[in-house]
> 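Structure in structure tokens, see below.
Everything numeric in this text was worked out from a predicted model, so none of it was measured. Chain letters run A, B, ... following the sequence lines, proteins first and then strands; every chain starts at 1.
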2 protein chains.
Amino acid sequence: MDLNERKLKILHAIVSDFIHSAEPIGSRTLSRKYSMGISPATIRNEMSDLEEMGFLTHPYTSAGRVPSSKAYRLYVNDLMKRYELSDGEKKTIEDKLTNGLAEFDRTIEHAAKLLSEMTNLISFAITPKQEEDKLKYINLIPVDENTVVLMIVAESGKVSNTALKLKVPYNEERLSFLAKVMTYNYRGKTISNIMTMDIIKDFESDMEALSQLAGSIMPKFMNTLEGMMDVELYLDGLTNIFAIPEYNDIERAKLILEMFNRKQAFTDLLINRDSGMIITIGDENSDKVLQDCSLITATYRINGKLIGKLGVIGPTRMKYDEITSVIEYMTDNLSTAYELTGGEEDE
Amino acid sequence: MDLNERKLKILHAIVSDFIHSAEPIGSRTLSRKYSMGISPATIRNEMSDLEEMGFLTHPYTSAGRVPSSKAYRLYVNDLMKRYELSDGEKKTIEDKLTNGLAEFDRTIEHAAKLLSEMTNLISFAITPKQEEDKLKYINLIPVDENTVVLMIVAESGKVSNTALKLKVPYNEERLSFLAKVMTYNYRGKTISNIMTMDIIKDFESDMEALSQLAGSIMPKFMNTLEGMMDVELYLDGLTNIFAIPEYNDIERAKLILEMFNRKQAFTDLLINRDSGMIITIGDENSDKVLQDCSLITATYRINGKLIGKLGVIGPTRMKYDEITSVIEYMTDNLSTAYELTGGEEDE
DNA sequence: ATTAGCACTCACTTGGATAGAGTGCTAACA
DNA sequence: TGTTAGCACTCTATCCAAGTGAGTGCTAAT
């Protein structure tokens, strides 16, 4: 059996219609609505073929046809037209993603929010894996008699501080010296690299007082690095789920929302996806909860290296054309807005 | 009509029963279940009186009775017994709230999470209003040729940084001098205080180069202060809503969850509540969405001054005794765990 | 190859009929 | 006079049967 022109046309009509209506469509309605010059009976024959080929399914004997994952896949790969964003949409994205240049994490949060608003789906974004980030600068700043702030700046521009309560006596020069030694030792090293080093040892040979100071600071230093590596997950538009007929069943909505509660697992799922625009449709998803959802993720890059992800989750019946365009435009904007000095593409 | 002993006993039984079962209860069931030595008919008479007094309602003619807000109010104020936390529960709370002493916001986030886990309700927490917080220390740290990190430490222990890209040329001494001047000028002042000052003017009279540097840093300084004042809202246990029969209706669940989406409005609602343990039941809430919910909030204090809030939201039918005990224990722990040096009670 | 016609299928809606939990009233009882 | 048993009544929830309508699949005609 062949996927001829007419079959493709019918399949295209069914998919587009179902994406908008969420209702199974029958031969008669299809013929009337899309005036394609052939009778319902002919359409029925073609539909029957398409079903045999695995592109359509039947909820029950006498219901209309519904596209399968395979149909959506064909639609996404070959049938759908590229959706061009309007100037207004482009402007909205540019404005929202480029104003608060200082705080990167906030921008990512805003990106997720904007994405859910524009698509009416659940959106998510993760910050780049910071383990590839390199340290640039370390400082220890005395605040009062027993409080010191440990400050770490990474090449990506990420800054982290921790207030430490020290029991060991210290003075400003010693702190400043220790900070300089730490900066000297770790500058240019990646966080994950440092995590595997035996850093306590690095400070053993130095003078007694410094060694003691270092001994009480280093564990906190490691903790802070660990915290800096953490990938942050931002979710938005969770309540959009209630506007989607597929999830009007409370059990299903619950399953989906509970998946987002297991943040670590979901973050891992995202991290493990390939880079670029990845669409997985229905049963293409290995996760059981996602079997009747589609997941779209795209990557943004900072200096071509640090890679974060942005995407949406929704019913398999979603406006792939619009959504992919929106996501693409957003990731492009994120990547360029945060382009810093230097940094070669390495992939 | 008088609220005699027996009426109170019956009311108590109805409220307790309904809190656990969520089902209207009839005279016969009540009489059997709570073996109170009087016949269903007598109970019916008393119930009828209680209904006339506004403590009970009737979903329809031949259904059992359901407590009104007024009944819950009486129950909370006079009838319910104090719930004593088990040692295990106490330990859980202490452990989770006192380990990561360094990061205050994280602790608040954990508190919200723990609270929703222990109560199976939706929980929330807001960080203290930082506008009463005083500045302690300001520093400007050069990172590379065009990047400087502005670091602000407040008395509460809160630290904030922003990476600034400067176009104005600078050197380390000048930066350090400016930081010292800023610290001298603003130390001990509250954030909201500084926000109202004309700080650009403060640096006009100094030497030209410094004035220029200050001019490019001050706007960012103000932005950062503004950010430090923001009250952060943490929500947790949103999916618990699905386990509550009252919200099995998808429309209701949606209303509630959407309220949490309007974060600013909800934060304001919380901030405006009185301090101490405040319980508002059903129609005691002015917010329309909350008319059939109960809202419990309690305050925690840092140094008796900075006040944050912690609480839960759920159906009017909730285990007030257990929940208030849990919240009380948690706010006590938060307040003592973060008690810093000095600070008089001022309220 | 296409189409009209027709029997058939299945979910959804509508309208009783019935069961069950509970009320409210009345009259009898202690 | 307060308490209780008895009974008619009310209202929801559930079940079932019949009818409706959108749609299919097959067959025979074009």
> N/O contacts under 3.5 Å, protein versus nucleotides 8-11 of chain D?
from	atom 1	to	atom 2	distance (Å)
D:dT10	O3'	B:Thr61	OG1	3.4
D:dT10	O2	B:Ser62	OG	2.6
D:dC11	OP1	B:Thr61	OG1	2.9
D:dC11	O2	B:Ser62	OG	3.3

> Taking the six-membered ring for Trp, are B:Phe260 and B:Phe266 closer than 6.0 Å centroid to centroid?
yes
> C:dG24, C:dT3, D:dG23: which one has an atom nearest the side-chain heavy atoms of A:Ile38?
C:dT3
> Scan for salt bridge (charged side-chain N to carboxylate O under 4.0 Å, His left out) pairs involving residues 314-327 of chain B, sequence neighbours excluded, and state none if there are none.
B:Glu246-B:Arg317
> Ring centres under 6.0 Å, that's the criterion: do A:Tyr83 and A:Tyr320 meet it?
no
> Expressed as a whole number of angstroms, how long is the span from A:Ile10:CD1 to C:dT2:P?
10 Å
> Of the listed nucleotides (D:dT4, C:dG24, D:dG23), which one gets closest to any side-chain atom of B:Thr42?
D:dT4
> Dump the pairs, protein N or O against N or O of nucleotides 25-28 of chain C, anything under 3.5 Å, distances to one decimal.
none

> What is the distance, to the nearest angstrom, from the CZ atom on A:Arg32 to the P atom on D:dA22?
8 Å
> Please report the distance, rounded to the nearest Å, between CG in B:Asp17 and P in C:dG22.
11 Å
> Does B:Arg65 reach a base, just sugar-phosphate, or nothing at all? Heavy atoms under 4.0 Å.
sugar-phosphate
> Rounded to whole Å, how long is the line connecting atom CD of A:Glu52 with atom P of D:dT24?
16 Å
> Is A:Arg82 salt-bridged to A:Glu328, cutoff N-O under 4.0 Å?
yes
> Just to verify, which of A:Ser31, A:Ser27, A:Ser39 counts as forming a side-chain hydrogen bond (donor to acceptor under 3.5 Å, both in side chains) with A:Arg44?
A:Ser27
> Starting from the C-alpha separation in whole Å, work towards a yes-or-no answer on side-chain contact (heavy atoms from CB on, under 4.5 Å) for A:Thr297 and A:Leu310.
CA-CA 6 Å; A:Thr297 54; A:Leu310 178 71; over 6 Å; no
> Starting at CD of A:Glu51 and ending at C1' of D:dG23, how long is that distance when rounded to a whole Å?
12 Å
> Write down the distance between CZ (A:Arg28) and C1' (C:dC6), rounded to a whole number of angstrom.
14 Å
> Have A:Ser123 and A:Asp236 got a donor and an acceptor in their side chains that come within less than 3.5 Å?
no
> Looking only at side-chain N and O atoms, does A:Arg6 come under 4.0 Å of OP1 or OP2 in C:dT2?
yes
> Whole angstroms only, please: what is the CG-C1' distance between B:Asp49 and C:dT23?
14 Å
> Ignoring hydrogens and geometry, is there a side-chain-to-backbone donor-acceptor pair from B:Ser68 to B:Gly54 under 3.5 Å?
yes
> Tell me which nucleotide among D:dT24, C:dG24, C:dT23 gets nearest to the side chain of B:Ser27.
C:dT23
> Side chain of B:Thr29: nearest nucleotide among C:dG22, D:dT24, C:dT23?
C:dG22
> Honestly, is B:Lys70 close enough over B:Phe55, meaning NZ or CZ under 6.0 Å from the six-membered ring centre and within 45° of the axis?
yes
> Write down the distance between CD (B:Glu46) and C1' (C:dT23), rounded to a whole number of angstrom.
16 Å
